[in-house]
Number of protein chains: 2
Amino acid sequence: MNNTDWQQWHFFTVIARTGSLNQAADALGVSQPTLSRHLQSLEARLGQNLFDRSTRGLTLTAFGASLMEGCQQMEQTAQALERRASGQDQALSGRVRLSVNEMIAQYYLPNILPAFMDANPQLSVEIEVTNRASSLDKRDADIAVRMFPPTQLDLIARHLYDIPLGFYASQGYLDRFGTPTTPEALLEHRIMGYDRDKQFELGAAQLGWTVRNEDFFLRTDYMPLHIALAAQDGGIVGTHKELAESLGLIEIDVGVKLPDLPVYLCCHRDVVHNRRIRLLMDYLADSLPQTKPGFLMHPLPHDRS
Amino acid sequence: MNNTDWQQWHFFTVIARTGSLNQAADALGVSQPTLSRHLQSLEARLGQNLFDRSTRGLTLTAFGASLMEGCQQMEQTAQALERRASGQDQALSGRVRLSVNEMIAQYYLPNILPAFMDANPQLSVEIEVTNRASSLDKRDADIAVRMFPPTQLDLIARHLYDIPLGFYASQGYLDRFGTPTTPEALLEHRIMGYDRDKQFELGAAQLGWTVRNEDFFLRTDYMPLHIALAAQDGGIVGTHKELAESLGLIEIDVGVKLPDLPVYLCCHRDVVHNRRIRLLMDYLADSLPQTKPGFLMHPLPHDRS
DNA sequence: TCAGTGTTATTCATAAGTGAATATCTAATG
DNA sequence: CATTAGATATTCACTTATGAATAACACTGA
């Protein structure tokens, strides 16, 4: 009677979320035929279909949908189990996964990570670079560097320091287009903005500006491209003060002080006492605030003649 | 990264509860070597041991114990999932599991079940006979007939009727030992009682009597044996009025009215709307109260010469 | 209309998991 | 001290499950 296969519920959960056997197979690390068969087997045991099949994927039947709540609860519990288990693995060997955005990855980590890796050769550091908030829940990462305080209650956040921001352009750009002195004038310039990232919009709103991403001259969420373009006389960029200055960019004073960018170090409650994770967190907390940015200045190959 | 195998957590949960690979293998329907290997695999993945091994079985390490809470939660969710899924299987074929005590099984069901099975040949009725409250949680049974209201909130109970009780003995017994007329005198007689079942003790306490199971002349929880023995001049039995009378036993009036025995029909909230289960419940609710007891009078072979 | 891209289902050689039997261990017992 | 009972671990023949390849299908867009 205890014949129930938790594995099949797991498969079902992921299939339901992805809506496709192929994607679920990818996520689960098994093959699509395997999922197909397990799903059929589960449906056979339950006596009715969990999904409607089509050539565009699978969509939950009412029956399948009615079971999703329990599946999600099971998944959360399973994830918590994994976190708690891994949080108690106090060995100083193994992996630590760190999630950072492109700016940290490009301009800060290269300065400080080698020393850590030298000091802890048993530890393999895995770095996930993304501009979205990585899921510490799913243990996609153990530690995350974020520029905003996390909202989840079960995350522990440590405010490290604040990065001063400013608007910058190269001397060459300013020679060609002049130097704006008011916010209004600034917005008429070739200022680089974001694509889907809403952070700048929100920050501007707090300053009383009405700015939409659509208004920008050039739009990308990949900030190192902002920097590289500005360095090549491409326009005005709002970025880290120290970084811009180390690149020889000139600060533009439009009479408005940009708010500092806070830097938070986050991890999950369940793993905060883990030695490996603690080691890297403490090291980052020590070294990140002291680091001058600017190791790999130019990620994109270019020839400035 | 989503490599986590829910199945192994299931195995771990059952192993932890049973404290033995062999028993867990039994409960899970797999072999002991399979469990041994999966457990080793899980421990290897987590990097530390979940159990201390000994020749007396496995005992949780502190690490393993710290994970049990999550496992139990997962198990409950899985069980709820199974119930909800099976509750929505509206086919009128398949199995329905019914849990009853020995009295119902012996003296009532034989009268009424054949008609139900004739009317619903597609349905296979499985009957678990136990005097303990069967677990509707684990879906050991879909429906349970109980003589006391269930305490769990997620069970639905339907009070069917009340069975009048009385003290009875055969004419032969009364001829030999006389007829008691007071409670005190009754307790001096060869009255049959229970072994581990505390219900009679509790009921007697409500009447103001102080009776312990140890005081009885003959002790067994198997009530049909009470009946059979009384019918063979073996002593006095407290049992169902109609049943005793149909056996030709004589009621003994000691000036105290025994409280009626309530009969409840129970099922889990999650499956109450299931057609199969509903069908049998409704049938039992209709037929049980009207049934005269006494189909198979003498379950034990005997020769009354 | 006709490739192109996505989907699920099926096939079959092969790899992985399984379990009966067995080895090995320990505590309890005569 | 030898024996028994009950436990986990290991072995190996064998069953089962797996996945690369493929088929069959439906939508999309040129």
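Order of the sequence lines sets the chain letters (A, B, ...), proteins ahead of strands, with each chain counted from 1.
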base_contact_polar (D:dA9 base, B:Q32 side chain, donor-acceptor, <3.5 Å): yes
Check this one for me: any side-chain N or O of B:H38 less than 4.0 Å away from OP1 or OP2 of C:dT18? yes
Using distance only, find each side-chain donor-acceptor pair of residues 60-74 of chain A under 3.5 Å and give its atom names and separation, not counting sequence neighbours.
residue: A:T61; atom: OG1; partner: A:N49; partner atom: O; Å: 2.9
residue: A:T61; atom: OG1; partner: A:L50; partner atom: O; Å: 3.1
residue: A:T61; atom: OG1; partner: A:F63; partner atom: N; Å: 3.4
residue: A:T61; atom: OG1; partner: A:G64; partner atom: N; Å: 3.0
residue: A:S66; atom: OG; partner: A:F63; partner atom: O; Å: 2.6
residue: A:S66; atom: OG; partner: B:Q88; partner atom: OE1; Å: 3.4
residue: A:S66; atom: OG; partner: B:Q88; partner atom: NE2; Å: 2.8

Tell me whether the side-chain N/O atoms of A:T34 come closer than 4.0 Å to OP1 or OP2 in D:dG19. yes
Length of the line joining B:L35:CG and D:dA7:C1', which is rounded to integer Å: 14 Å
What's the CG-C1' distance between B:L50 and D:dT8, to the nearest Å? 16 Å
Return no unless some side-chain N or O of B:S36 is found under 4.0 Å from OP1 or OP2 of D:dA9. yes
Short side-chain N/O contact to D:dT18 OP1/OP2 from A:S31, under 4.0 Å: no
Nearest-Å distance, CG (A:L21) to C1' (D:dC25)? 15 Å
Where each residue is assigned the nucleotide of DNA chain D containing its nearest heavy atom, which of B:R37 and B:Q23 is assigned the position nearer the 5′ end? B:Q23
Using a cut-off of less than 4.0 Å, is there contact between a side-chain N or O of A:S20 and OP1 or OP2 of C:dT7? yes
Can you list every side chain to side chain donor-acceptor pair (under 3.5 Å) pair that touches residues 18-34 of chain A, not counting sequence neighbours? A:S31-A:T34
